Structure formats: structure tokens, C-alpha cells
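Chain A is the first sequence line, chain B the second, and so forth, proteins listed ahead of strands; every chain is numbered from 1. Worth saying up front: this structure is predicted, and the values here are computed from it rather than measured.
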There are 2 protein chains.
Amino acid sequence: MGEDWRERLRGSGYRLTPQRELVLAAVERLGHATPEEVLAVVRESASAINLSTVYRNLEVLEELGLVRHAHLSDRVATYHSTTDHEHFHIVCRKCQRVVSVDPEVAASFEERLRTEMGFEADLGHLVVFGSCVECESSDGE
Amino acid sequence: MGEDWRERLRGSGYRLTPQRELVLAAVERLGHATPEEVLAVVRESASAINLSTVYRNLEVLEELGLVRHAHLSDRVATYHSTTDHEHFHIVCRKCQRVVSVDPEVAASFEERLRTEMGFEADLGHLVVFGSCVECESSDGE
DNA sequence: TTCCATGCAAACACTTTGCACCGTG
DNA sequence: CACGGTGCAAAGTGTTTGCATGGAA
């Protein structure tokens, strides 16, 4: 995905601001990032920018389909760029590790939801909590 | 599931208070309920009870495995009793409808996560967002 | 020059905590 | 009668909003 997002911004009546660029760049660089983390990165790479600006821009970017969010913890939303291949997430409750999984792994599940429940699942937003085997075995906590 | 939760409470060093009973009863009656909704029900059925007491009791009840929570909306947690058969949830982003689904529907998905990803999914906490076909077709909003 | 975007501070929604008093066990 | 539970109020988080100013188009 190249530079056409600039077009998309303008085409939707939005403006291209430095803050907007920085927020998008930060999300792409971080992989999975909370608004606070985005703020931190943007700040280090340059100027001052406000948290509310980060929120507002993440919202715009998501509306344009440039980023997506998922709830990787009980409290905070985390954003990731859609430049990456689509994926869903599994999160280990014990070691907090987050792994991105190929949607193919959920394909038949998705299919069953569609045919049996009449439900079109949004995998890009899916988060499955549980625990990884490593944590299961070393259950010293 | 009968009355043995009283034992379980005491066995874990907790006490059996009227508030505790009321909170559990409210969750069972409501099916899926946010802390605020639990509060409302408890209040109507009787005495005054504080929101923080509701939170504290939901926490205790979850620790004992009597209730579980899942994030059925982007903001609030909703609790449900474990007396009901285990299930996971699908939530329509358009009509907000929440449907409980038999874990069997996710069984093979769960299995793939286990074998291919070395991950033990916690289905009871699973929420799949998306949209129901009815909403898909009548796409006038 | 027009509006959208930004910064800042205040408001919000949800949840947690400190503390004195209450009541179960 | 000891110790966990409760109510109340205050403090925390994470997120949103109002408003005057700034800057992209």
C-alpha cells in the first residue's frame, strides 16, 4: 500500500496534516499500539502533539480503513495498520503475549457462523483470550 | 446447580451477605448484565446497595466461578451466570443484538488453535463481533 | 479565506480505593 | 468479638468534547 491514502483522505474531505501522518506512521511502526503508545512514539520522533489529537486521528484513520482496532486487554483498545495482512489475535492471559493469526485458521469457524447462525463475523476485530501451552505447563503462578 | 455455592463462599473464607445473594440472583435473572443493570435490579427487589459493592461482589463471584464476564460492547463488561450452559457470544454491530452460541460451533476452531497455535482458548469469554444477515440485507443504516 | 484540525482543559463514563462503621461466623 | 463486607466519597483510568486559535486547500 503506497501513497494513495493521501488521496483517500482528501477525497473524503479530510486534510493532510503532519499529526495525521505521524499517527499513521507510528501505528505502522508499532504493529499493535494503544493511543498512549502512539502518543509516545509521535512525541519522540518530533513535535508536541496532544492525546486528544491522537484519538481523533485514530478515529479518522479507522473510518478510512487505514487502521483497525481490537480490544487486546480488558481496558484499552489497540490499533494496527491494515497494511499488514489481515489477521485476528490470540492473547495469553498469563504471559500477556499477543499473537497475530492468519484468518485462514478461523475460516471454517467463520463459515459455520454464517451458515448456522446467519452471522457475518468481523474477524479483523476478533480477539481470543486464553493461554499458551507454555504458560499452561509452567503453572507456577 | 443448587445451593452449594454458599459452601464454596465460606470454604474460601468469604461471608454470605444479603448483598452477595442479591447480586448473584440478579445476574442469574438477567442473563447478561452490566454492573449498572445488576444494581438496578437489586435495588428494585429491595434495599439500598452501593455500586462499588456490586463491583466487589461480581469480582468475588467470578473468582469462585459462579459468574463470568465478557465484553459485549466496546466499553462495558457484562456478566452472566455459569449456571447456564457454557456458551460464547456473537454481537451484531448494527442492531446490537447479542446471541449466545453453543460452544460446539467453535469446537473445531478451538481445536485448530490448540494444535496449530499451541493455544488453549477460553471460549466462555469469547465475543465475536460482526453483523447478522438481516442487518446486512436491510442496509438502510 | 474557508473550514477542518489542533491544543488545552474540562467533562465524561466506568471502575477502583480509603476509611469508618456494620454484621456474619 | 474478630475480621471480612458495606456505604460513601474521593481518586483513578481511559476517552470525549467545547472552544478559541492555527493552518491546509
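No side-chain donor from either of B:Glu120 and A:Ser131 sits under 3.5 Å from a side-chain acceptor of the other. In this model, a donor atom of one side chain and an acceptor atom of the other lie less than 3.5 Å apart for B:Asp74 and A:His71. With hydrogens and angles left out, the side-chain atoms of A:His32 and A:His89 include a donor and acceptor closer than 3.5 Å.
Under the 4.0 Å criterion applied to side-chain N and carboxylate O atoms, A:Asp122 and A:Arg68 are assigned as salt-bridge partners. At a threshold of 4.0 Å, the pair A:Glu21-A:Arg6 counts as salt-bridged, since one of the basic side-chain nitrogens sits closer than that to a carboxylate oxygen. At a threshold of 4.0 Å, the pair A:Arg112-B:Glu104 counts as salt-bridged, since one of the basic side-chain nitrogens sits closer than that to a carboxylate oxygen.
Distance CD (B:Glu21) to P (C:dG23): 16 Å, rounded to an integer number of Å. If you measure from atom CG of A:Leu9 to atom C1' of C:dC3, you get 16 Å, rounded to the nearest angstrom. Taking atom CD on B:Glu36 and atom P on C:dC12, their separation rounds to 16 Å, with Å as the unit. In this structure, CG of A:Leu64 is placed 14 Å from C1' of C:dC4, rounded to the nearest angstrom. Atoms CZ (B:Arg10) and P (D:dC3) sit 19 Å apart, rounded to a whole Å. Rounded to an integer number of Å, the gap from B:Leu39 CG to C:dT16 P is 15 Å.
Residues from residues 67-81 of chain B that place a heavy atom under 4.0 Å from any atom of DNA chain C, listed by number: B:Arg75, B:Val76, B:Ala77.
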Please assess A:Cys92 against A:Gln96 for the test side chain to side chain contact (heavy atoms under 4.5 Å, CB included), listing each intermediate value before the final yes or no. CA-CA 5 Å; A:Cys92 177; A:Gln96 310 303 323; over 6 Å; no
Polar atom pairs between nucleotides 5-8 of chain D and protein, under 3.5 Å, N or O only, would you list them?
| unit_1 | atom_1 | unit_2 | atom_2 | d |
| --- | --- | --- | --- | --- |
| D:dG5 | OP1 | B:Arg20 | NH1 | 3.4 |
| D:dG5 | OP1 | B:Arg20 | NH2 | 2.2 |
| D:dT6 | OP1 | B:Thr17 | OG1 | 2.7 |
| D:dT6 | OP2 | B:Asn57 | OD1 | 3.3 |
| D:dT6 | O3' | B:Gln19 | NE2 | 2.8 |
| D:dG7 | OP1 | B:Gln19 | NE2 | 3.4 |
| D:dG7 | OP1 | B:Ala48 | O | 3.1 |
| D:dG7 | OP2 | B:Asn50 | N | 3.1 |
| D:dG7 | OP2 | B:Thr53 | OG1 | 2.4 |
| D:dG7 | N7 | B:Arg56 | NH2 | 3.0 |
| D:dG7 | O6 | B:Arg56 | NH2 | 3.2 |
| D:dC8 | N4 | B:Ser52 | OG | 3.4 |

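For D:dT15, the OP1/OP2 oxygens have a side-chain nitrogen or oxygen of A:Tyr55 closer than 4.0 Å.
In terms of heavy-atom proximity, B:Val38 sits nearest to B:Ala33 at CG2-CB, 3.8 Å.
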